[in-house]
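In what follows, a single structure is set out as structure tokens and then discussed.
Below, chains carry the letters A, B, ... as their sequence lines are ordered, and counting in each starts from 1. Only heavy atoms go into these numbers, but all of them, side chains included; no hydrogens, no water, no symmetry mates.
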Number of protein chains: 4
Amino acid sequence: MTVSQTVELEGHIIDSGSMGHCFGAVMEMGGEFEVEEFEVGRHKHDETYCRMEVTAESHADLRAILHELNQQGATVADPRDATIEPAPGDQVVPVDFYSTTNHPTYVRVDGDWVAVEDIEMDCALIVERDGDSVADANDANEGDQNEPRVTTKVLNAVEEGDLVVTGETGIRVEPPERPRNGGGSFGFMQGGVSSERPSESLIEEIADEMRDVRENDGTVLAVCGPAIVHSGGRDALAELVREGYVDAISAGNGFAVHDLERDLYGTSLGVDTESLEHPRKGHKHHIYTISEIVRHGSIPEAVDAGAVDEGVMYECVSNDVPYVLAGSIRDDGPLPDTITDSIDAQNAIREQAQDADIVLMLATLLHSVAVGNCLPSTTKTVCVDINPATVTQLLDRGSAQAIGMVTDIGAFIPMLADELCESSRQHSA
Amino acid sequence: MTVSQTVELEGHIIDSGSMGHCFGAVMEMGGEFEVEEFEVGRHKHDETYCRMEVTAESHADLRAILHELNQQGATVADPRDATIEPAPGDQVVPVDFYSTTNHPTYVRVDGDWVAVEDIEMDCALIVERDGDSVADANDANEGDQNEPRVTTKVLNAVEEGDLVVTGETGIRVEPPERPRNGGGSFGFMQGGVSSERPSESLIEEIADEMRDVRENDGTVLAVCGPAIVHSGGRDALAELVREGYVDAISAGNGFAVHDLERDLYGTSLGVDTESLEHPRKGHKHHIYTISEIVRHGSIPEAVDAGAVDEGVMYECVSNDVPYVLAGSIRDDGPLPDTITDSIDAQNAIREQAQDADIVLMLATLLHSVAVGNCLPSTTKTVCVDINPATVTQLLDRGSAQAIGMVTDIGAFIPMLADELCESSRQHSA
Amino acid sequence: MTVSQTVELEGHIIDSGSMGHCFGAVMEMGGEFEVEEFEVGRHKHDETYCRMEVTAESHADLRAILHELNQQGATVADPRDATIEPAPGDQVVPVDFYSTTNHPTYVRVDGDWVAVEDIEMDCALIVERDGDSVADANDANEGDQNEPRVTTKVLNAVEEGDLVVTGETGIRVEPPERPRNGGGSFGFMQGGVSSERPSESLIEEIADEMRDVRENDGTVLAVCGPAIVHSGGRDALAELVREGYVDAISAGNGFAVHDLERDLYGTSLGVDTESLEHPRKGHKHHIYTISEIVRHGSIPEAVDAGAVDEGVMYECVSNDVPYVLAGSIRDDGPLPDTITDSIDAQNAIREQAQDADIVLMLATLLHSVAVGNCLPSTTKTVCVDINPATVTQLLDRGSAQAIGMVTDIGAFIPMLADELCESSRQHSA
Amino acid sequence: MTVSQTVELEGHIIDSGSMGHCFGAVMEMGGEFEVEEFEVGRHKHDETYCRMEVTAESHADLRAILHELNQQGATVADPRDATIEPAPGDQVVPVDFYSTTNHPTYVRVDGDWVAVEDIEMDCALIVERDGDSVADANDANEGDQNEPRVTTKVLNAVEEGDLVVTGETGIRVEPPERPRNGGGSFGFMQGGVSSERPSESLIEEIADEMRDVRENDGTVLAVCGPAIVHSGGRDALAELVREGYVDAISAGNGFAVHDLERDLYGTSLGVDTESLEHPRKGHKHHIYTISEIVRHGSIPEAVDAGAVDEGVMYECVSNDVPYVLAGSIRDDGPLPDTITDSIDAQNAIREQAQDADIVLMLATLLHSVAVGNCLPSTTKTVCVDINPATVTQLLDRGSAQAIGMVTDIGAFIPMLADELCESSRQHSA
């Protein structure tokens with residue numbers, strides 16, 4: 001006995017790879033396909049359409065194949081509404097709930113395709129037929145309150161009774177398409193990175209992108225690791241914040257402490273620590289810096305009191321650039337500003353991520369992964385790290401537009417700041 | 001103007017390196033030394049004694065040098081009591097507070113050298129003259145309640161009015177000494193690791209050590225990364241728990257979920273995930289596993305209900321082996337058993353660490369760092385990872401006895417279990 | 001002014017990615033395409049055909065695009081003979097010579113498509129109209145000696161007057177196609193590797209493949225790094241040679257010396273070297289081992305004299321398994337058997353590579369790269385290394401069928417030998 | 001039965017670590033020591049003296065211990081002449097030949113301590129009583145030709161009848177001593193490297209050192225990897241050669257080809273290669289560049305003909321800066337200037353290494369290892385690589401003065417050139 005199902009794909013599906021992946025997935029998973037209709041896009045702006053029947057040896061096999069095809073943008077040819085089941089408990093999802101990708105997604109509710117809001121991977125899809133139970137209902141009053149909405153919820157946000165989408169029916173995913181204009185250096189679905197790319201031209205392209213974002217009142221989110229401070233990129237990053245090229249900072253407790261410590265203790269610290277033979281976890285100045293911030297109450301209070309008067313955190317406070325400091329089990333202190341609960345921190349990071357137009361991942365694997373987990377695949381990302389494995393891992397999310405650079409962060413940020421801020425420097429000189 | 005101070009060192013200070021480091025530190029920091037008395041240990045069990053006058057160009061320079069010498073075990077020749085100052089606020093330390101090393105430390109209080117309890121690096125030292133203000137005062141009733149005690153507190157545990165040790169006076173540190181018996185494979189102050197060491201003999205030595213610990217009712221703490229599950233080490237680790245060779249588990253949410261998922265979904269999962277071309281963060285089964293544990297209430301409740309019946313977490317529950325699951329901002333879920341607050345998680349890890357006789361760091365940099373931060377330098381550590389940089393970083397804490405192995409964790413744990421459990425297997429066969 | 005050219009592709013070009021890469025390349029390189037005919041393969045065994053006109057703004061742009069499309073298997077629709085120019089000197093190629101890929105390639109000579117013999121990347125294509133000038137003309141006497149042949153030559157083999165193919169006309173490349181049967185674990189065009197793949201099942205598949213090769217009198221080539229000896233994989237590799245599962249060895253001087261030294265000096269050596277704190281380049285035993293082989297004349301002579309009686313090199317000599325030891329500037333000695341001239345060594349490696357049905361790349365980046373440079377993309381490759389970057393780099397050659405494993409070579413080879421040799425062991429017991 | 005031997009050490013043996021290592025080695029190797037006399041160096045310029053009796057359980061054990069102590073600078077208290085045996089054949093050493101360290105070494109011949117010329121690790125020591133058999137006898141005519149000389153020979157240079165030093169008697173090694181002045185950033189016996197050191201101050205120190213070398217007519221040897229060209233450091237390196245800050249270049253065929261190709265094909269090449277999705281080994285331009293140099297005959301001839309007019313190789317030719325290009329089995333071509341025989345290449349590298357006052361190891365592990373193998377431990381080395389493992393491995397040779405930097409070579413060289421050449425640039429402007 002075999003079972004089959006007809007599916008459709010449409011878009012730039014050949015050069016974006018979806019079509020090939022669909023054929024490949026059917027074959028690898030032991031199924032068969034028969035193309036019923038195929039209309040190729042004859043020019044680069046024409047879309048391709050494919051309708052094919054997929055056959056498998058069992059319902060389970062077919063469902064597994066359809067799950068795979070769904071993620072490549074295939075939809076069943078004769079669409080029905082998505083199936084919906086109430087969550088059986090808080091933080092509990094129904095059997096066979098649909099777990100999201102990070103690609104734009106549409107759910108068929110009451111005969112209409114509804115765009116999922118704030119798409120993020122590995123979430124449940126929640127259907128709300130009456131907008132008023134949604135937290136930020138005010139944002140939605142552009143349309144009719146009675147129109148159904150579909151949002152994403154991470155597991156710990158799921159509440160008993162939430163209407164959770166299950167199965168694969170009535171769900172359409174739009175995987176990234178290869179940009180029609182070549183895309184510049186922002187690579188399409190770029191999985192690997194070369195450490196040998198000419199960095200100057202890449203930095204110019206990143207700078208152009210950041211200028212565009214600033215001109216369009218967009219948001220540049222910088223995810224920052226402590227190596228920025230140690231390797232000499234701190235002043236340039238502070239300048240980027242001051243000059244308005246960075247609109248939000250996401251980091252850990254350690255980054256902020258190192259940044260503040262450099263201010264509170266000056267360069268003498270560097271010399272002290274570098275000359276010792278046995279590196280140690282932290283040191284007295286590190287702890288004392290936290291203690292001083294605690295004494296003032298918080299970073300903004302320390303800035304107000306004049307105790308902190310330069311550096312990245314100082315510029316954030318002075319220029320109203322919001323920051324999220326997420327705690328971890330390796331932290332000293334932490335600072336009073338650090339969010340110690342991981343769920344609270346994730347939620348704060350989620351808001352930053354969903355608001356960002358371009359994300360700079362700067363020498364931190366951990367925080368970049370946390371931010372990346374919340375990003376739709378459509379957000380532009382730039383990842384810079386001295387470790388090629390980190391860059392590869394961070395770009396492996398299937399982002400539609402990403403640049404990876406294997407370089408010293410202490411060289412990268414000053415070059416980026418030179419590119420962006422030179423004119424304003426001359427102005428002020 | 002020059003200032004000087006006479007300091008003393010005693011012990012196996014030549015071959016353990018302290019004496020050389022002291023001479024080196026004085027020279028590198030611009031000081032001068034004059035050895036006033038030197039009595040070399042003539043045989044391997046004899047200790048060496050050195051008294052020398054250290055001279056610097058300013059009080060600040062001298063203090064910096066003495067700080068360095070103190071960490072190498074030097075004490076001022078004419079000891080006075082440690083200086084003590086009350087903490088000016090909660091989580092606030094006095095200026096010039098003494099920040100601990102991870103070596104055994106003694107503080108001179110009221111003319112007596114008092115051993116610091118639960119030494120851990122980067123902490124403040126708190127003097128308690130009357131035991132009753134100490135949280136776990138009951139533990140201390142072996143001695144006179146009026147005798148002073150000295151404990152460590154991380155910054156966030158410091159309370160206003162705590163008597164905090166400041167400066168370097170009246171503090172004696174005992175850095176690790178080279179073991180007199182050669183030390184076996186547990187290297188002394190081993191900073192580097194070779195990936196080319198013969199692994200079988202090393203595994204035998206680790207097994208011997210673990211057998212010793214079991215026979216002496218000691219505690220083996222295993223710090224576990226998710227790669228254990230993916231690379232095929234899970235069953236062997238479960239066996240080690242069942243057979244009583246592992247007494248505590250420290251891990252993250254991810255390790256537990258992967259372990260439970262393997263049980264709830266079986267091997268088919270593996271096949272599914274492996275065949276896909278685009279790796280993704282988590283997947284439906286991962287989320288659903290968490291959801292199922294939430295539905296039961298907790299891991300122990302899922303075990304009691306029969307929903308989980310094998311694996312590492314199952315053996316922990318069944319054999320009363322305590323575990324700490326610490327949350328992070330990259331987690332899915334998390335499981336109800338996961339401690340999401342980083343300070344709470346650190347405190348739970350601290351208890352595990354201080355109780356351990358030997359710590360196995362198995363394929364996780366992050367949790368190993370968190371555990372390592374709480375360990376005294378005297379605890380034996382074994383670090384196994386496929387990434388040499390991880391092993392190097394973890395062994396860089398100046399542990400007195402450490403083994404580093406660069407190998408596949410999926411090969412290491414089964415070999416260790418073979419070594420330890422073979423006899424009991426034959427018994428049961 | 002624009003210029004255009006019509007090209008054709010045929011085969012499993014959608015799921016193998018060629019079609020998508022062609023569309024992508026045209027767009028990225030600033031060209032336009034118009035699909036004139038497109039017939040999709042309706043089932044998995046049907047091939048797809050595409051004819052499209054490619055347009056660019058200049059002849060240079062068009063040529064660059066066609067160069068790219070050519071490597072994806074596209075040919076100009078109205079094929080003419082390849083252009084040919086005599087080499088202007090020894091080791092000198094004509095302007096615009098065609099530089100090969102590692103994919104099966106055909107050249108149109110005198111109206112016929114001639115398959116290129118011994119395809120290898122970055123070579124020149126040499127047309128020979130009369131076979132007798134080819135070194136191994138005897139191999140070719142299956143066909144008419146007057147039929148043209150096309151061979152590859154690396155630059156240093158090019159001789160003045162050789163007829164070198166230039167331009168892109170009349171050249172057809174067949175890039176790897178996704179295997180129709182799913183391909184098992186041998187991944188298609190696999191660029192990345194997971195360290196988390198379940199290793200046992202992979203090892204079984206590799207063993208199956210090696211058994212197949214043995215049954216079909218094929219050739220398994222093992223490329224071996226010294227870590228095999230240090231990490232405990234030597235005995236298992238020797239067994240694989242003895243049992244006929246490895247038909248050729250490619251290695252460096254260091255591998256052979258370490259293997260022989262283990263035999264000449266036994267385990268005591270291991271202990272000596274391991275216990276020292278300062279690792280050094282080589283050591284006395286290493287040099288003395290070479291000296292002893294020199295004294296006997298060569299490895300085979302040392303085996304004949306009974307001086308060497310176990311290990312990988314011993315089994316090679318005893319079982320007539322050929323080996324190539326290539327020298328490098330980092331070698332001690334070298335052994336008399338080591339080929340010190342890099343061109344001679346490359347030529348010896350080339351012969352091994354072209355003869356291999358499956359290549360095992362075992363813990364050596366350098367020799368694996370050298371072998372890989374000579375391999376057609378159709379040869380199955382297995383790459384095992386503890387360093388993920390090495391595995392990624394080696395698999396990045398676009399091999400049609402490749403397996404990458406990030407694991408300890410000292411665990412991998414014994415597991416592979418267990419899988420392959422267990423029955424013969426029981427036999428002999 | 002026990003056997004014993006009295007040994008002596010003298011120098012800054014406590015802070016340089018030799019004394020501690022000697023005590024440690026005796027204990028680890030199962031021996032006992034009894035210190036008979038110990039006079040500590042009371043000030044930083046005073047040397048320490050130790051005489052101790054070492055006891056072991058067998059002659060073999062004692063010899064192994066003495067071998068170890070010898071390498072730490074210990075000599076037997078009652079020195080006799082070194083034992084000497086003729087080499088039994090070409091490239092064959094006597095049993096128990098002495099294998100050198102890379103530290104300054106003295107051999108007692110006819111009652112006198114003779115300094116070993118051109119010390120290099122893993123060599124045999126050859127005694128020549130009559131200078132005329134030494135190749136470069138002219139260099140030695142400062143002393144009496146009849147005075148014995150001791151030189152090093154790598155195994156392949158040993159000739160039948162050469163008088164080879166055996167055993168440990170009459171050999172004195174001087175391991176590196178901690179510099180008395182603090183040593184600046186050039187770390188003493190630095191085994192580890194931090195990627196977090198402030199790079200600007202380090203670069204200043206390296207520049208100072210290079211200026212010193214230039215003023216004293218010393219030799220700066222740069223060992224160069226191809227990443228210099230790809231990452232944008234080429235022009236700065238060419239400037240350093242032109243301005244006389246680099247006196248010799250050691251590299252592989254690949255570095256030279258990439259440098260020349262950049263000149264012959266300009267920047268368009270970079271763009272072409274970077275935009276393609278499938279990186280390949282070499283490419284047409286790479287091969288054609290070699291072909292062009294072959295056509296001219298050699299790099300100098302191509303420079304003379306005006307075909308090459310900028311870049312590192314151009315500046316070498318134009319400024320009479322000698323270079324060694326060593327071949328490898330991974331090369332394309334190679335260039336006519338490349339030495340393809342590994343022994344010839346080693347010999348050429350050896351001459352460079354022995355002549356160098358400071359060696360810059362720039363983004364190449366392989367060539368740096370080859371050069372490092374020939375360096376005495378007294379030569380200053382600077383190692384820069386983006387991969388921390390490379391830096392660690394290269395610094396692990398026990399160099400007396402070494403700096404390691406983990407950074408992008410494309411950022412490092414321009415910063416170094418800015419530091420060194422800025423004044424000359426202004427001059428020329």
Side-chain angles (χ1 to χ4, degrees), chain C residues 21 24-25 28-29 64 68 71 88-93 95 97-99 101 121-122 124 154-156 158 272 275-284 286-288 290-292 294-295 326-334 336 340-343 345-346 349 366-367 369-370 373 396-398, chain D residues 21 24-25 28-29 64 68 71 88-93 95 97-99 101 121-122 124 154-156 158 272 275-284 286-288 290-292 294-295 326-334 336 340-343 345-346 349 366-367 369-370 373 396-398:
Chain C
H21 282 130
E28 281 179 11
M29 298 172 85
E68 214 26 47
Q71 305 201 357
D90 284 358
Q91 304 184 36
V92 181
V93 284
V95 181
F97 81 106
Y98 179 87
S99 180
T101 66
M121 69 178 141
D122 295 327
V154 289
L155 186 64
N156 67 59
V158 169
D272 284 345
S275 66
L276 306 184
E277 290 199 334
H278 287 135
R280 291 170 48 214
K281 180 179 68 125
H283 42 71
K284 194 170 161 173
H286 194 80
I287 307 290
Y288 194 67
I290 301 166
S291 170
E292 282 298 283
V294 171
R295 203 167 56 80
S328 101
I329 52 172
R330 283 149 294 123
D331 290 341
D332 287 305
T340 58
D341 186 80
S342 55
I343 298 176
Q346 266 186 354
I349 287 169
L366 304 180
H367 290 272
V369 166
N373 284 347
D396 204 20
R397 296 172 42 255
Chain D
H21 283 130
E28 280 180 12
M29 298 173 85
E68 217 22 51
Q71 305 201 355
D90 284 357
Q91 303 184 36
V92 181
V93 285
V95 182
F97 80 106
Y98 179 86
S99 179
T101 65
M121 70 180 139
D122 295 328
V154 289
L155 186 63
N156 66 58
V158 169
D272 284 345
S275 67
L276 306 183
E277 289 198 334
H278 287 136
R280 292 169 49 214
K281 182 180 64 124
H283 42 71
K284 196 170 159 174
H286 193 80
I287 307 290
Y288 194 67
I290 302 167
S291 170
E292 282 297 283
V294 171
R295 203 166 57 80
S328 103
I329 52 173
R330 285 149 294 124
D331 290 342
D332 286 304
T340 59
D341 186 80
S342 56
I343 297 177
Q346 266 186 355
I349 288 168
L366 303 181
H367 290 271
V369 166
N373 283 347
D396 205 21
R397 297 171 42 254

- Item | Polar side-chain atom of Ser342(C) near backbone of Thr340(D) as donor-acceptor pair, under 3.5 Å | yes
- Only counting residues at least two apart or in another chain, list the ones meeting side chain to side chain contact (heavy atoms under 4.5 Å, CB included) with Ala345(D). Ile329(C), Ala326(D), Ile339(D)
- Contacting region of Val154(D) [heavy-atom separation from chain C under 4.5 Å]: neither
- Write down the atom of Arg330(C), the atom of Asn373(D), and the distance for their closest heavy-atom approach. O-ND2, 3.8 Å
- Looking only at non-hydrogen atoms, find the nearest pair between Asn156(C) and Gly333(D) and report the distance. ND2-O, 2.5 Å
- Message: Could you report the tightest heavy-atom contact between Ser328(D) and Gln346(C), atom names first, then the distance?
- Response: O-NE2, 4.1 Å
- Engaged part of Val158(D) at the chain C interface, taking heavy atoms whose separation is under 4.5 Å: neither
- Using a 4.5 Å cut-off on heavy atoms from C-beta on, say whether the side chain of Asp122(C) contacts that of Ile287(D). yes
- Task: Measure distances from Ile349(D) to the heavy atoms of chain C and classify the residue's part below 4.5 Å as side chain, backbone, both or neither.
- Result: side chain
- Query: Using a cut-off of under 4.5 Å for heavy-atom pairs, which of Val294(D), Ile343(D), Ile290(D) has the most such pairs with chain C?
  - Reply: Val294(D)
- Message: To check you understand the geometry: which heavy-atom pair defines the closest contact between Gln91(D) and Pro334(C), and what is its length?
- Response: OE1-O, 4.5 Å
- Minimum heavy-atom distance between Tyr288(C) and Val95(D), given as atom pair plus value: OH-CG2, 2.9 Å
